[in-house]
Every structure is written in C-alpha cells, then in structure tokens.
Amino acid sequence: MSNLIPTGRTDIEWRNESTQKPPKAAVYPAEANADKILKAAYEHTATVWTGDFHNAKQVLAAMKKRVKRPSEKKRAGGGDAVAERSRNIQTAFHAHRMKQAQQSRILNMLAVEIGAGFTLDIPRAPDVKAALADVYGKPNDAPFLLPLNQLLGFIGAHEWHKKGVEIPALGGRIHVPFGVFSPLRGEYLDLIAAALAGSKFQTAFDIGTGSGIIAALLAKHGVPKITATDTNPRAVACACANFCRLDLDNIVIEKTDLFPAGCADLIVCNPPWLPAKPSSAVEAALYDPESRMLEGFLNGAAAHLNDGGEVWLVMSDLAEHLHLREQDFLPQCFQTASLEIAEVLQTRPKHAKAADENDPLAFARGREVTSLYRLKKAV
Ligand SMILES: C[S@@+](CC[C@H](N)C(=O)[O-])C[C@H]1O[C@@H](n2cnc3c(N)ncnc32)[C@H](O)[C@@H]1O
C-alpha cells in the first residue's frame, strides 16, 4: 500500500505493508521522545526520525512499553482473567487481533525517510539496501517514508532469508524472504514425510506452495513430476529460487489461483489455518477469509485427481478451539466435496507460543492438534 502524504515541505510517499490507513501528515521535529511521538500518533500524524538510528530503536522500545501497558495490567488479574478468556475464547481472539492492529498502527507512526537507491541517511544507520531490495525489488528514485518497526522487521527477515531454515525432513535448508510463509513450525512437514514413506505417486500438485517446501519434500521422496502453485508473486519467486538452490528440476511453478490445468495422482495443500480477514499481505498466508481457499481447494480437488489418487489436506484445529469453526465443519466440507477420509496423521505443535501462559490465546494453542487428512474420492 503506498500513498502521498503532506509533510509541510513536499508531499512524500508513505509505504506500509499492512492495510492500515496512512497518517494524515508527517512531521520532522528537531527533537522527539516517545511521549511526543505517541501524542502525535494518536492524532494520526507520523513523526519522521532524523537523529541517531540506535536512539530511534530505543524510543520505539519505549513506545512499545507504553502502548502495551494496559494489557499487562489486565493480565495481573490472574486466575479470573484466564477463566474469563477460556469461557469466551472467540471474543478473546477478535479482541486480541484488534488490540494488536491498534498497537501496530500507533507504533508505525514512528518513521524514517528512505532516500533514493534505498539509502537511510541518519547517524549510525545500518546499510539497508539489501533488506529493502529483498522486499521491494527495484531501488526507488524518489524518497519515501517507512515505519521504523517495519524497517526493523525487513532487516530481521533479510537475515533469516540469507541464513535459511533447516528442515530435517528435507535434509536441507529453505530460504524465505519477507512476505512468504516460513515453515519454521515444521511439525506438519514430518507428517507429510511420514505419509510419503513407501508411496509411489507419479504426479503431484502442491497448492499454495509458499516457500516451495512441500513440493521440495515430494521431489526428495521421489515423486517424478510436480506442479506447484501460489497466488502470491513473492511466494512464486521464493519457491522458484529454492527449487534451483536444491537442484530440483522436476517441479513446475505457476502463479495460479488454486489448481493448474490437468490432473495428478496426489494433490497436497496446507492452506491458511484460521478463517479471518488478513490485515497485511504477510497475514494472507495465516488467515483465510470465510474459508475461501480451504473450500475452493476441497471442492475442486476431486476434478483434478487421477483415479486411485489422494488429496492431502494439512489443517490445525486451532480454529475449532477458538470457536471460529464448528466441530463438524471439516467433515461436512469433505462430504460436500465427495471426498472421504482414508487416514488421519496427527501431531502437536512444539512451538514456544503453545506453552506461553501470557499469550491470551494460550488456552486454545495448548490444545491444538495439527492433522494431515489423507482423502480419496468417495465411492
Ligand atoms: C499456510 S501457507 C502454506 C505455504 C506452504 N505450502 C507451506 O506449507 O509452508 C498458504 C499459502 O497459500 C497461498 N494461497 C492463498 N490463497 C491461494 C490460492 N487461492 N491459490 C493458490 N495459493 C494460495 C498463500 O499465498 C500461501 O503461500
């Protein structure tokens, strides 16, 4: 999302990866502190930091403390607050997301000006060219404003992109840039690897391939011909680069909504797990509005499946625990799509959030089970 906003000098482009409204204006004060920036932020005015970069990070940290303070007081309520949350977990989920969105909007009001060619010309600033090129591609000619919090996110993502994520089931690393779903929580990949053991599929589709990890696993397990699809151009580029790096030349990647043309012996999909509206491009891999991708995938799968083939759906039951989906939603979807369950492989998440009692959704996360549904055409 990009927009021109007034600064009192010339109008300047405001870049923000989330769907938040741009500020009404931006100011360049000679001096600023967390309180002043927050006051302006609540009046929809962004503050452009022109001083030392490390001081900017400290001010952002101070802003985070102030913005997050009210929820910490609530947490101090202890047992009652936890019991209330578990009673009304769906409300807690929506309140949690709304609070996160509000906090993020306020924190994004501390910005920096990025000069032509992705330069950041303030004292002690790091070289941000590579991190910004990773996100935006071609360098900019005109300056733009960018929330400092996002710049720090881009720098972190760039480091991860270079380093890659070790995937034991693959016996290799997957490199994931900003804006593409990272298989950091890889338990579901172990389920896929287990299901692939001893299988003899000749052709496969990986629908919503993201980093390309599932297609890569299929190739490593000997599936000779694979087509991977995704609607996110960043994912398509990322998957393509990963297939090259892993020397996998039997995977075709397409920027396509759901299915490529034709049929396959195996069709795999790990859709976003929660039916809710994403608030940024990054969240589109986590939230599936009105279960559109899930239902689109299931309803179209049988028509793209060779006789005797299998449809594999990776899905967590977090949405059921958060009361965002009825318990019988998935079984009904399978029936509507003329698919029946052949086997369900299950695992529990091992990530830290599942055990974090301070996470308002810990009640649901602690019970979460991730399943790989092996489905066949109903007879
Ligand atoms: C949860 S991520 C899974 C990524 C990867 N398969 C994995 O398991 O790590 C879901 C992916 O589906 C993609 N996606 C969402 N809607 C889609 C659609 N209609 N057609 C194809 N891909 C879609 C998203 O861009 C995202 O990369």
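As the structure lists them, so they are numbered: ligands from 1, and atoms in each ligand from 1. Sequence positions, counted from 1, serve as the residue numbers for this chain. On a predicted model such as this, the values are computed, not experimentally measured, just so you know.
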Considering non-hydrogen atoms only, spot the tightest contact between Phe178 and Arg234 and give its length. O-CD, 3.7 Å

For residues 36-51, tabulate all N or O donor-acceptor pairs below 3.5 Å that involve a side-chain atom, not counting sequence neighbours.
| from | atom 1 | to | atom 2 | distance (Å) |
| --- | --- | --- | --- | --- |
| His44 | ND1 | Arg105 | NH1 | 3.4 |
| Trp49 | NE1 | Gly51 | O | 3.4 |
| Trp49 | NE1 | Asp52 | O | 2.9 |

Name every donor-acceptor pair, under 3.5 Å, that has one atom in a side chain of residues 290-300 and the other anywhere in the protein, sequence neighbours excluded.
| from | atom 1 | to | atom 2 | distance (Å) |
| --- | --- | --- | --- | --- |
| Asn299 | ND2 | Glu295 | O | 3.1 |

Measure from every N or O atom of ligand 1 to the protein's N or O atoms and keep only the pairs below 3.5 Å, writing each with atom names and distance to 0.1 Å.
| from | atom 1 | to | atom 2 | distance (Å) |
| --- | --- | --- | --- | --- |
| ligand 1 | 6 (N) | Gly208 | O | 2.7 |
| ligand 1 | 6 (N) | Thr209 | O | 3.4 |
| ligand 1 | 8 (O) | Tyr188 | OH | 3.0 |
| ligand 1 | 8 (O) | Asn270 | ND2 | 2.8 |
| ligand 1 | 9 (O) | Tyr188 | OH | 2.7 |
| ligand 1 | 19 (N) | Asp257 | OD1 | 2.7 |
| ligand 1 | 20 (N) | Leu258 | N | 2.8 |
| ligand 1 | 25 (O) | Asp230 | OD1 | 2.6 |
| ligand 1 | 27 (O) | Asp230 | OD2 | 2.7 |

Does the gap between the ring centers of Phe205 and Trp312 come in under 6.0 Å? no

Can you confirm whether Lys377 is buried at NZ, in the sense that more than 12 heavy atoms of other residues, nucleotides or ligands lie under 6.0 Å from that atom? yes

Tabulate below the donor-acceptor pairs under 3.5 Å that side-chain atoms of residues 236-244 make, not counting sequence neighbours, or state none.
| from | atom 1 | to | atom 2 | distance (Å) |
| --- | --- | --- | --- | --- |
| Asn242 | OD1 | His175 | N | 2.9 |
| Asn242 | OD1 | Arg245 | NH1 | 2.7 |
| Asn242 | ND2 | His175 | O | 3.0 |
| Asn242 | ND2 | Ser211 | O | 3.0 |
| Asn242 | ND2 | Cys238 | O | 3.3 |

